[in-house]
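Structure record follows, encoded as structure tokens.
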Amino acid sequence: SGHPVAYRLGFLKDGTYYDWHTSFDPEYQKYHVGQMSVAYMIRNFMQHGVSQINFMAGEYQWKLDWSPDKAISSHYMYTSPSTNIMATILNWYYHHLRERLRGCYHRMMDNRVLRMVSRNLILLRQKMNGRR
């Protein structure tokens, strides 16, 4: 049909592939395109010396099925029970505002122009930090 049925986006560092984002067309679910993409990915990595795959965050059963030791790593954040002004502001941010801001950010990044501006600002900041 001329359109992709699945994709995987990630990056390589020191012989490890970090699997960042995956997706597939639900019309092709019966063909197990997710499993097929992992199989092709592993075959390609074996040919090119990539020795590990890190499926990154998220506790999904399929990730455990691909893990030799069934290890799960978790990240926790603790906030202060104090009632001083800084603790109150930080707790309000982490417990109420952060997820709303994240949602706004993702909606903004759906806009192609804003996404391009964001990428250019990040590149500019990286160049400026490199010159210091």
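Worth knowing before you read on, the calculation uses all heavy atoms, side chains too, and leaves out hydrogens, waters and symmetry mates. Start at 1 with the first residue, then count along the sequence.
- Pairs passing the side-chain hydrogen bond (donor to acceptor under 3.5 Å, both in side chains) check and including a residue from residues 102-111, sequence neighbours excluded, read Glu99-Arg102.
- In terms of the side chain to side chain donor-acceptor pair (under 3.5 Å) criterion, residue partners of His21 (sequence neighbours excluded) are, by chain and number, Tyr7.
- Side-chain contact check for Leu9 versus Thr22: every heavy-atom pair is 4.5 Å or farther apart.
- Hydrophobic side-chain contacts under 4.5 Å tie Tyr40 into a cluster, directly or through other members, with Met36.
- Contacts of Tyr93 classified as ring-ring contact (aromatic ring centres under 6.0 Å, His included), with partners at least two apart in sequence or in another chain: none.
- Under the side chain to side chain contact (heavy atoms under 4.5 Å, CB included) criterion, Arg115 pairs with Met109, Arg112, Arg119, sequence neighbours left out.
- In this view, Leu121 and Val117 satisfy the side chain to side chain contact (heavy atoms under 4.5 Å, CB included) rule, not counting sequence neighbours.
- Here the closest non-hydrogen pair linking Gly34 and Arg8 is O-NH1, 3.8 Å.
- Applying the side chain to side chain donor-acceptor pair (under 3.5 Å) test to Asn84 and every residue at least two apart in sequence or in another chain returns Ser82.
- For Phe24, the ring-ring contact (aromatic ring centres under 6.0 Å, His included) test picks out no residue, with sequence neighbours left out.
- Partners of Ile85 under the side chain to side chain contact (heavy atoms under 4.5 Å, CB included) rule, at least two apart in sequence or in another chain, are Ile89.
- Inter-residue side-chain proximity for Val50 and Leu12 is flagged as met; some heavy-atom pair is nearer than 4.5 Å.
- Judged as a side-chain hydrogen bond (donor to acceptor under 3.5 Å, both in side chains), the pairs with a partner in residues 47-57 (not counting sequence neighbours) are, in order, Asn44-His48.
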